[in-house]
Amino acid sequence: MTRPRLKDVAWLFFRVGNTTFGGGNPTIAVLQREFFERHWLSQEKFAIAFGLGRVTPGTNLLAFCAAAGWYLVGLAGAITAVMVITIPSSILVIWLTGVYDAGVKHPLGLSIISAIIAAAVGTMMGAAVLLVRSGLSKQNWIKPLLIAIAAFVLARLFAVPPLVVIGLAAVVGFFWVEA
């Protein structure tokens, strides 16, 4: 394995962390490819960093970056990886929050924000329908449909926390065995 310079590690985490969208898993996948192509990290150390990132509380991506940075350059690498991957996106969130605050004060901005929110909600509903539909079949459609409706009612009408709803659905799914 090649030991990289700290500035090269910083540039890689900055570039990948600020150009990969879709959450931690796509970012980790791109970093994996980069580590292996550059011979910076062995598969074993990558697997350990990935596993540690999964078992630690909080954001898996940040824990993974800290572990990978540690393996690459030590403590300076761990700190650099976490800072470089979080500071630019944090600045972007602050900027977007300011844009949102300015936008809600103008009719056109409010209209644009409303359309974006509607699109996000529609996308989430579409994903939910796809997830429920994947569990449906001609022989097995009542159980997933009723669980989905009950989950919606519990969450929306009775304000039951999401983890409780998921836990209840798991218990119902475990005990509701169809013949």
List in chain and number order the residues that pass ring-ring contact (aromatic ring centres under 6.0 Å, His included) with F36, two or more places apart in sequence or in another chain; answer none if no residue qualifies.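 Testing F36 for ring-ring contact (aromatic ring centres under 6.0 Å, His included), a comparison that skips the adjacent residues, returns F46.
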
Considering residues at least two apart in sequence or located in another chain, which fulfil the ring-ring contact (aromatic ring centres under 6.0 Å, His included) criterion with W11? F14

Provide the closest heavy-atom pair for [X] versus [Y] in the form atom of the first, atom of the second, distance.
{"X": "R3", "Y": "L72", "result": "NH1-O, 3.3 Å"}
{"X": "G17", "Y": "T27", "result": "CA-CG2, 4.4 Å"}
{"X": "L31", "Y": "C65", "result": "CD1-SG, 4.3 Å"}
{"X": "A68", "Y": "F13", "result": "CB-CZ, 4.3 Å"}
{"X": "A66", "Y": "A78", "result": "O-CB, 3.3 Å"}
{"X": "T86", "Y": "V82", "result": "OG1-O, 2.7 Å"}

Mind checking what makes side chain to side chain contact (heavy atoms under 4.5 Å, CB included) contact with L52, not counting sequence neighbours? I48

Rounded distance (nearest 0.5 Å) linking atom CZ of R33 with atom CD of E37: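 Result: 5.5 Å between the selected atoms.
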
Separation of L41 CG from T2 OG1 (nearest 0.5 Å):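 T2 OG1 to L41 CG: 11.5 Å, rounded to 0.5 Å.
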
Throw together a table of side-chain donor-acceptor distances under 3.5 angstrom for residues 148-161, partners on residues two or more places apart or in other chains.
none

Shared hydrophobic cluster for [X] and [Y] (ILVMFWY, side-chain gaps under 4.5 Å):
{"X": "V171", "Y": "F174", "value": "yes"}
{"X": "L75", "Y": "M83", "value": "yes"}
{"X": "L92", "Y": "V99", "value": "yes"}
{"X": "W141", "Y": "V172", "value": "yes"}

Side chains of [X] and [Y] in contact at under 4.5 Å (non-hydrogen atoms):
{"X": "W176", "Y": "I142", "value": "yes"}
{"X": "I28", "Y": "L61", "value": "yes"}
{"X": "F50", "Y": "N60", "value": "no"}
{"X": "K143", "Y": "L146", "value": "no"}
{"X": "I85", "Y": "V16", "value": "no"}
{"X": "P4", "Y": "L12", "value": "no"}

N/O donor-acceptor pairs under 3.5 Å from side chains in residues 105-130, not counting sequence neighbours:
unit_1: S114; atom_1: OG; unit_2: L110; atom_2: O; d: 2.9
unit_1: T123; atom_1: OG1; unit_2: A119; atom_2: O; d: 2.8

Verify, without hydrogens or angle tests, whether S42 (side chain) and K45 (backbone) share a donor-acceptor contact under 3.5 angstrom.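 Yes; at least one donor-acceptor contact below 3.5 Å.
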
Can you sort out the partners of R5 under side-chain hydrogen bond (donor to acceptor under 3.5 Å, both in side chains), two or more places apart, ordered by chain and number?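 side-chain hydrogen bond (donor to acceptor under 3.5 Å, both in side chains) list for R5, sorted by chain: D8.
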
Are more than 12 heavy atoms, taken from residues, nucleotides or ligands other than Q43, located less than 6.0 Å from that residue's CD atom? no

